[in-house]
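Taking it in order: structure first as structure tokens, then the write-up.
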4 protein chains.
Amino acid sequence: MTERRTGTRLRLFTAAVEVIAEQGYTAATVDAIAERAGVAKGTVFYNFGSKEALFSALLEHGIRRLADAMARADGTTGETGVADERDAGAGGGALEALDAVVMAQLRFFEEYGAFARVLLTEMWRTAWQDAVAMLREEALGVYAGVLRRAVSEGAVRADLDVETAATAVFGMVLTTSIERRALHPDRPIEQLHATLVDLLHGRVSGGPFTG
Amino acid sequence: MTERRTGTRLRLFTAAVEVIAEQGYTAATVDAIAERAGVAKGTVFYNFGSKEALFSALLEHGIRRLADAMARADGTTGETGVADERDAGAGGGALEALDAVVMAQLRFFEEYGAFARVLLTEMWRTAWQDAVAMLREEALGVYAGVLRRAVSEGAVRADLDVETAATAVFGMVLTTSIERRALHPDRPIEQLHATLVDLLHGRVSGGPFTG
Amino acid sequence: MTERRTGTRLRLFTAAVEVIAEQGYTAATVDAIAERAGVAKGTVFYNFGSKEALFSALLEHGIRRLADAMARADGTTGETGVADERDAGAGGGALEALDAVVMAQLRFFEEYGAFARVLLTEMWRTAWQDAVAMLREEALGVYAGVLRRAVSEGAVRADLDVETAATAVFGMVLTTSIERRALHPDRPIEQLHATLVDLLHGRVSGGPFTG
Amino acid sequence: MTERRTGTRLRLFTAAVEVIAEQGYTAATVDAIAERAGVAKGTVFYNFGSKEALFSALLEHGIRRLADAMARADGTTGETGVADERDAGAGGGALEALDAVVMAQLRFFEEYGAFARVLLTEMWRTAWQDAVAMLREEALGVYAGVLRRAVSEGAVRADLDVETAATAVFGMVLTTSIERRALHPDRPIEQLHATLVDLLHGRVSGGPFTG
DNA sequence: TATGAATGAGCATTCATTCAT
DNA sequence: CATGAATGAATGCTCATTCAT
């Protein structure tokens, strides 16, 4: 693939997320995407073959980057790199990591807010099962991993439904990211982060003594 | 409005949520909606004027019912009805109410799962601002009210961003409801409820002592 | 036919000419006509059976009244009622009659301007052949009759194409009536009449001596 | 604009006048127009954007050609090119020009009879105000100019309402052209021309001596 | 005699896709 | 590699007509 072609494809990705974030997949027209990318309509089909293929590629591209960002945040949290060496005594590793991953997700959505919207609205369509599977494995997987470690550290009750909790955290961050973008775009992201980790750490309800 | 007409409109509501939940607003065709409702296509336009108006009416209808269910759950939670009489000692009023409202939202989405999908995917379109405003006021408002009571009871730190927290809880319940419907439709709803209140009450992280 | 029904039919005639004058036959909807007449849509079909039948009836009704007005104007112009008794010496009867008929057509279109519009735009559709035949016979027929008398009076050259000339005069009056209604609705009708008879009597070109 | 595209647009013009002449603007379907032009329906919208825009463009196109033909006929009528040098003695310039313009209008409508029909039936809709303004200025303007010259030559009484007379002549030619096309399509056009100039020059009524 | 809810064929318009250049 | 004119199936919407009340 030539460099020119790669550039065209990236411009189309950017244009497509924006347009699809604004209108939704079905309502977004190839014409609008091509126009925003500054190319002719035919070029979209020359490069991707179909609107659906463009969107699939775009979803995978975005999900991989999101998952990478989250995994990176998890990986840099004072962990030893060997899972079974982590424990509750190791500086509260898992819960600290949870906060870091939440922050990474927030940051990613701050930078790629349009992608957050696309994810939220299209994630549940049966059409993109592959991409969704990837999201579940790679992005939700990071949360699940963190929570599993928290269980093994004893920081969390042993019978927690880790998969569901991962989805809950992910959905909470996703929803509030979008709301922030729509309603309070210039509030510092740290503020939102503080609210969310408060909720997650029980500093809202005051913990076990009052719950 | 005749009884016949009212019946037709309700049948159209039901058909429309289902089809739109499956395909999204734009991809859902009026033809498909009419067919599922068992009426002619013209009947949709005779009754609502446009696809958009049908959807607006449907959103309002659903949001009002959801908000009612949530408010009812809040209202029946051992509260005295006089705000300033509530306190942390009164059986943990606000936090107990929070659990009840979460349960109400879960139950509503269990019964009207299609509506949950529609809400999640269409809530952010600028087109439905009125409905969204209503959702924010009436449904999110219930969570905000509960959290405000929790603040005044001292069960929650005083400077919590109540609005954002309300959105976070709502989004968490919404997201997990949809996932449950897609992946584990016959798991008892109580199980999901337990996971969520664990998260919210800090029984996940072990509360302030470990967080 | 009861009186109530007759009233309904007349109200529908009036409403229909107005709406059709504004929009044209095809674009005029039965809904709009019914609404302007203050009856339900079903009533139109109850009374006329179809949109087309309503329009046919309306055309005949209007054409008959126009033709009557024109014939009356012709009849009151010092003629004896016996064609062969008229001659060029009888005070220029035919040309005087021509002026009077033009005036009658102008007056009719002043009062029923909407009908003029309808006539102009729908007269040429093959759909209304019966009505058009009637127009040709009864309304254009009056002009043709006057012109034939003018020929026999010697006031007009003998080989004039009387039918074509009748159409020309009718069309001239029709066109200018509509223009007047659109552009100069409060100019006195006599002024338009003067311009037209000037054209017809050669007082424009100054007659044979200068032409 | 490519040559291919220009050709498509012209084919659509031709097809559209024909279909609209037969059915009227509203009743003419884009399907029928596309089919007659031998292109797909989408091509109409690709080229003009809407049925209304196609019709507007078509009206302007036709009116400009008509006005050109009329102006050319006026321009070639033994005039010296300097307005104030024209006078009644100069071979009856203005009235001769009037005949020539009438002939030009007749010839144009003979070649583009469908356009005559379209003009007559759609000219009065408020929707096409721009085109109508153009018709008034450019086509009726030719008649008005001729008549004004006739006034200044003294061939016509000084207080003639030149605008109205222009409309009257135009309407007369238009109406009779259409009738000829419908009833006597193979009569020579010169015969119709003779009848009309007879009317206009007072050779019908015998001029001032008998009027 | 009149009504208005319901119908469905028909229409203008959109848009993903193709292909000649 | 890229373009944009052309396509036609699909869609939202209109409206004359029917019919139960």
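The sequence lines fix the lettering, A, B, ..., with proteins before strands; numbering per chain opens at 1.
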Could you check whether the rings of D:Trp128 and D:Tyr25 sit parallel, tilted or perpendicular, using 30° and 60° as the cut-offs?
perpendicular
Looking for any heavy atom pair under 4.0 Å, which part of the strands does [X] touch: base, sugar-phosphate only, or nothing?
X	answer
B:Thr43	base
C:Ala34	nothing
A:Ala28	sugar-phosphate
B:Ala27	nothing
C:Val39	sugar-phosphate

I'd like to know whether C:Leu66 forms a side-chain contact (heavy atoms from CB on, under 4.5 Å) with C:Leu119, so could you lay out the CA-CA distance, the side-chain angles of the two residues, the decisive distance to 0.1 Å, and finally the verdict.
CA-CA 11 Å; C:Leu66 168 62; C:Leu119 214 50; 4.0 Å; yes
Nearest-angstrom distance from the residue atom [atom1] of [X] to [atom2] of [N]:
X	N	atom1	atom2	answer
D:Leu54	E:dA12	CG	P	11 Å
D:Asp31	E:dT13	CG	P	12 Å
C:Asn47	F:dT17	CG	C1'	15 Å
B:Phe48	E:dA6	CZ	C1'	14 Å
C:Phe55	F:dA16	CZ	C1'	16 Å
B:Glu35	E:dG8	CD	P	12 Å
C:Leu12	E:dT1	CG	P	14 Å
B:Tyr25	F:dG12	OH	C1'	9 Å

Reading DNA chain F from 5' onward, which residue's closest nucleotide shows up sooner: D:Arg5 or C:Gly49?
D:Arg5
For C:Ser50 and for B:Val30, locate the closest nucleotide of DNA chain F by heavy-atom distance; then report the residue assigned to the nucleotide nearer the 5' terminus.
B:Val30
Please determine whether a side-chain nitrogen of the Lys or Arg among A:Arg36 and A:Glu22 lies less than 4.0 Å from a carboxylate oxygen of the Asp or Glu.
yes
Would you state whether a donor and an acceptor, one from the side chain of C:Lys41 and one from the base of F:dT17, lie under 3.5 Å apart?
yes
Can you tell which of F:dT17, E:dA5, E:dC15 lies closest to the side chain of A:Thr29?
E:dC15
Tell me which nucleotide among E:dA2, F:dT14, E:dT17 gets nearest to the side chain of C:Tyr46.
E:dA2
Is the phosphate of F:dA2 approached by A:Thr8 (side-chain N or O, under 4.0 Å from OP1 or OP2)?
yes
When you measure from the centre of the six-membered ring of D:Phe109, is the NZ or CZ of D:Arg117 under 6.0 Å away and within 45° of the axis?
no
Residue matched to E:dA20 through Watson-Crick or wobble contacts both under 3.5 angstrom
F:dT3
Just checking C:Phe13 against C:Phe48, ring centres under 6.0 Å apart?
yes
